[in-house]
Amino acid sequence: QLWPFAQCDTTMLAAWSLPCCFTILLGLLELCRAQYEHLGYPHGYPQGYPEPEQEQYSAPELPPDTPRIQLRLAGDKRKHNEGRVEVFYDGEWGTVCDDDFSIHSAQVVCRELGYLEAVSWSPSSKYGKGEGRIWFDNVQCTGKEKTLALCTSNGIGVSDCKHTEDVGVVCSDKRIPGFKFINTMANNSLNIQVEDVRIRAILSSYRKRIPVTEGYVEVKDGGKWKQICDVEWTKHNSRVICGMFGFPGERKYNARVYKMFARRRKPSYWDYSVNCTGNEAHVSSCKLGHAVAAKANSTCGGGTPVVVSCVPGRAFSPTPMTGFRKAFRQEQTLVRLRGGAIVGEGRVEVLKNGEWGTICDDNWSLLSATVVCRELGFGSAKEALSGGRLGQGMGPVHMNEIECSGFEKSITECFFNKESLGCSHEEDAAVRCNVPAMGFQERLRLSGGRNPNEGRVEVLVERNGSQAWGTVCSDGWGTIEAMVVCRQLDLGFASNAFQETWYWPGEVSADPVVMSGVRCSGTEMSLSQCLHHGAHLTCPKGGGRNAAGVSCSETAPDLVLNPQIVEQTTYMEDRPMFMLQCAYEENCLSTTSSETPASSHRRLLRFSSQIHNNGQSDFRPKAERHSWVWHDCHSHYHSMEVFTHYDLLSLNGTKVAEGHKASFCLEDTECEEGIEKRYECANFGEQGITVGCWDTYRHDIDCQWIDITDIKPGDYIFQVVINPNYEVPESDYSNNFMKCRCRYDGHRIWMYSCHNGETMVHQALVERLFYIRHSVLLHCSTTLLELKDNFTLK
């Protein structure tokens, strides 16, 4: 992989000998001239600026009579920076009792481990019961002590607690600047404690790549970056490092080239080696190896600095022409993530017997979550979430009490309790995975908003040989495009998409439009991956006050139709035309009904629909209250003119009949136990669907049907699409549609095999993609004509 010019094969040499040889010479010259270059993390690509000097961390000076202890976080972790507090004293690991423990004590523990602060603490062995002695009991700290041993307690080793009272803490992600690890007790069972870790690209070919996949592994200790001696380095260590930076695996590299660089420039080695088993989600869970005695010639006993070469997932693989793929396309696997705001996070769903279901969070751990992440082409798990934190799924709970070794290729290979029943979707497991640093956040910003989560969208582009900020044309700007912006900036979900931003004055220099015709499918990782006009800008409204804007939110609703209710309540009715006047006025009948005499009837396919909000926030209509429409026939206000589509399709997907239940009144019909109703249509009440509630439209109300008077007997597909125009943002649009098989013999009708999701093509998305493709044809043709003219001139 280090010699791209080696692709000049014999055929090429025969036809293009001079250009190929010239390419080889250039490659060799570039390789010889390659130098060390600073490459900070987490950005993952060259910045061009030196790091600011950090205040040096100094080890605390302790009174001579202070017991010498060392700490670690252990147990059933769901993040690397949390766990059961364990203390090493007198050659033995033990725990801390939760009696009198407080956030101040947690602060001392986290600071002693090198974290900036404590976030929370947990009693009653939340992270599992420890073993050995309980070293501290009735611990009382002020939060300013330099070590837990200086806090007031019963005395070291004096306790009447059991391990069911072991205390745990959650520390912040941020490390103390300049933190330096000092192993005063020669204890090799300690976990790695350093300020930071990075992969620094060394070869020029890798310094230019995004993401960085190969280079020196360096740790920041005492405010300085240092290399690691590779004498005791193993492939398990490389696997953990690659996983931390978003890569599912590691590969071999050309060691001779790196040995040459190590001879040319003197490395600065860290004092210790690293000992990982390979299934750790983070290097902080690896054990400290032996101390390294570096020789005067800095060859670390015949070794060289550690190098890793990581294999990126398919969505992040660099390509020669584009640098990365144009949009995130998940491979077809037995596992998927749903309900997450960004790529690499979501509720875990498993395909079993042709039906998607969820995983129960009993025993859900960072180890099992990492298996899911690697299976999907990401790195190790950043966090294993429980309690339906990223929304509740529908359908069965397929797996429970999962136990993985960490080396499985798929979560379906892990052991799980097939007999364990009783899990509800309130216990759905989810993950947040490590993904490669692509630098997308550096090329987009929100300007002029009242807070960092809203504003005018501004994009960084190349203009006249330099980089400049500009706006995005708001023509056709909608919720899907806004979702991509919020995802790119790691701000969660879109809550609104704005086509006017005069109330958010951005920088005047950024007023000109630099991107127009933006159409996204919703799977893109950055706005630049969406289809757009490129250099051929077309924006009649202009930028500035008419530029596109967004507001983002950490949470979003998620509407899901219950397919069993549809299947169980379907029937056919012949209804006299004189009883359908309200329905006729609201266009709930087919167009031929205008020719039907009042004494005749229409044949209706009737059914109930039960729409659940399984998301993390309430579903509210887009229209403001003052713009709701009053309907005399039904005596209530309609807050959404387009909320659902009911269609009957032929087996080849052609629409043969449709329902016009377009105007809905949204309210909480029923809720799960413990959740109160908040929305009611009566008396001009507030409309919406609360999280954990559902809105039921019974089969016997007007417009809850499809008019099938004109269709012939045969087999059909019945389809329901919720929020079809994406007017209201949701965390997951893929479950907004439901399809059933339908058989009609002219006298009776059968509905069967009803299901949500992606096993059949989402027609609304197909139509949107078709429109996106069609909308850029004119611009593509213009570009092709210009290219043709250029080639003609040459």
Side-chain angles (χ1 to χ4, degrees), residues 78 122 124 126 338-340 346-350 355-364 384-402 417 419-430 553-569 607-621 643-644 664-683 685-701 704 720 722-723 728 730-732 735-736 738 754-757:
R78 291 186 173 175
S122 302
S124 306
K126 175 184 176 181
R338 286 292 177 268
R347 178 179 62 254
V348 183
E349 296 188 352
V350 182
E355 185 176 14
W356 287 101
T358 60
I359 292 177
C360 186
D361 62 9
D362 292 348
N363 295 347
W364 186 242
L385 299 108
S386 59
R389 285 268 305 278
L390 296 185
Q392 297 181 23
M394 295 284 285
V397 178
H398 282 322
M399 302 176 76
N400 187 19
E401 298 181 7
I402 295 178
N417 190 345
E419 306 299 326
S420 180
L421 303 173
C423 268
S424 69
H425 287 297
E426 294 178 354
E427 302 172 84
D428 283 344
S553 172
E554 291 184 1
T555 59
D558 182 21
L559 298 188
V560 184
L561 182 67
N562 188 330
Q564 284 74 33
I565 296 295
V566 174
E567 190 169 329
Q568 293 166 7
T569 59
F607 53 92
S608 297
S609 64
Q610 189 181 90
I611 300 169
H612 294 245
N613 182 0
N614 288 349
Q616 303 168 70
S617 62
D618 294 353
F619 185 94
R620 299 298 309 278
F643 181 60
T644 57
F664 267 59
C665 173
L666 303 172
E667 65 179 1
D668 296 327
T669 307
E670 296 290 340
C671 298
E672 295 174 2
E673 186 177 353
I675 300 177
E676 294 185 3
K677 299 179 184 179
R678 298 182 59 186
Y679 304 105
E680 187 177 12
C681 293
N683 302 319
E686 290 290 339
Q687 294 192 24
I689 306 177
T690 305
V691 176
C693 299
W694 55 90
D695 191 2
T696 301
Y697 294 88
R698 286 175 50 86
H699 53 82
D700 53 2
I701 66 174
Q704 191 62 29
V720 179
I722 311 169
N723 194 15
V728 178
E730 296 185 48
S731 61
D732 185 4
N735 56 14
N736 277 33
M738 184 220 67
C754 296
H755 58 270
N756 298 101

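Note that these values count all heavy atoms, side chains included, but never hydrogens, waters or copies made by symmetry.
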Treating [X] as the side-chain partner and [Y] as the backbone partner, does any N or O pair qualify as donor plus acceptor under 3.5 Å?
| X | Y | answer |
| --- | --- | --- |
| T569 | S608 | yes |
| N736 | I722 | yes |
| N417 | E401 | no |
| Q610 | I565 | no |
| R347 | G339 | no |
| D668 | C693 | no |
| N756 | L561 | yes |
| D732 | R338 | no |
| N723 | V728 | yes |
| N614 | D558 | no |

Just wondering, do [Y] and [X] contact through their side chains at under 4.5 Å, heavy atoms?
| X | Y | answer |
| --- | --- | --- |
| H425 | E672 | no |
| N613 | T690 | no |
| C671 | K677 | yes |
| T644 | Y697 | no |

Atom pair [atom1]/[atom2] of [X] and [Y] - distance to nearest 0.5 Å:
| X | Y | atom1 | atom2 | value |
| --- | --- | --- | --- | --- |
| Q616 | Q392 | CD | CD | 10.0 Å |
| R620 | I689 | CZ | CD1 | 11.0 Å |
| S386 | R78 | OG | CZ | 4.0 Å |
| Q564 | M738 | CD | CE | 10.0 Å |

To check you understand the geometry: which heavy-atom pair defines the closest contact between [X] and [Y], and what is its length?
| X | Y | value |
| --- | --- | --- |
| L559 | N735 | O-OD1, 3.4 Å |
| S617 | T555 | CB-OG1, 3.5 Å |
| S609 | Q704 | OG-NE2, 3.2 Å |
| A430 | L390 | CB-CD1, 3.8 Å |
| N562 | M394 | CA-CE, 4.1 Å |
| P563 | H755 | CB-N, 4.0 Å |

- Does CD in E554 sit with more than 12 non-hydrogen atoms of other residues, nucleotides or ligands closer than 6.0 Å? no
- Starting from the C-alpha separation in whole Å, work towards a yes-or-no answer on side-chain contact (heavy atoms from CB on, under 4.5 Å) for F619 and L666. CA-CA 9 Å; F619 185 94; L666 303 172; 3.8 Å; yes
- Would you check, one step at a time, whether the test side chain to side chain donor-acceptor pair (under 3.5 Å) holds for E670 with T696? CA-CA 8 Å; E670 296 290 340; T696 301; over 6 Å; no
- Note on the structure: Across all chains, not counting sequence neighbours, the salt bridge (charged side-chain N to carboxylate O under 4.0 Å, His left out) partners of E730 are none
- Item | Stepwise side-chain contact (heavy atoms from CB on, under 4.5 Å) check, D618 with V691 | CA-CA 5 Å; D618 294 353; V691 176; 3.6 Å; yes
- Message: Walk me through whether Q687 and Y679 qualify under side-chain contact (heavy atoms from CB on, under 4.5 Å).
- Response: CA-CA 5 Å; Q687 294 192 24; Y679 304 105; 5.5 Å; no
- Message: Set out, in order, the CA-CA distance, both residues' side-chain angles and the distance that settles side-chain contact (heavy atoms from CB on, under 4.5 Å) for W364 and I402, then state yes or no.
- Response: CA-CA 7 Å; W364 186 242; I402 295 178; 4.2 Å; yes
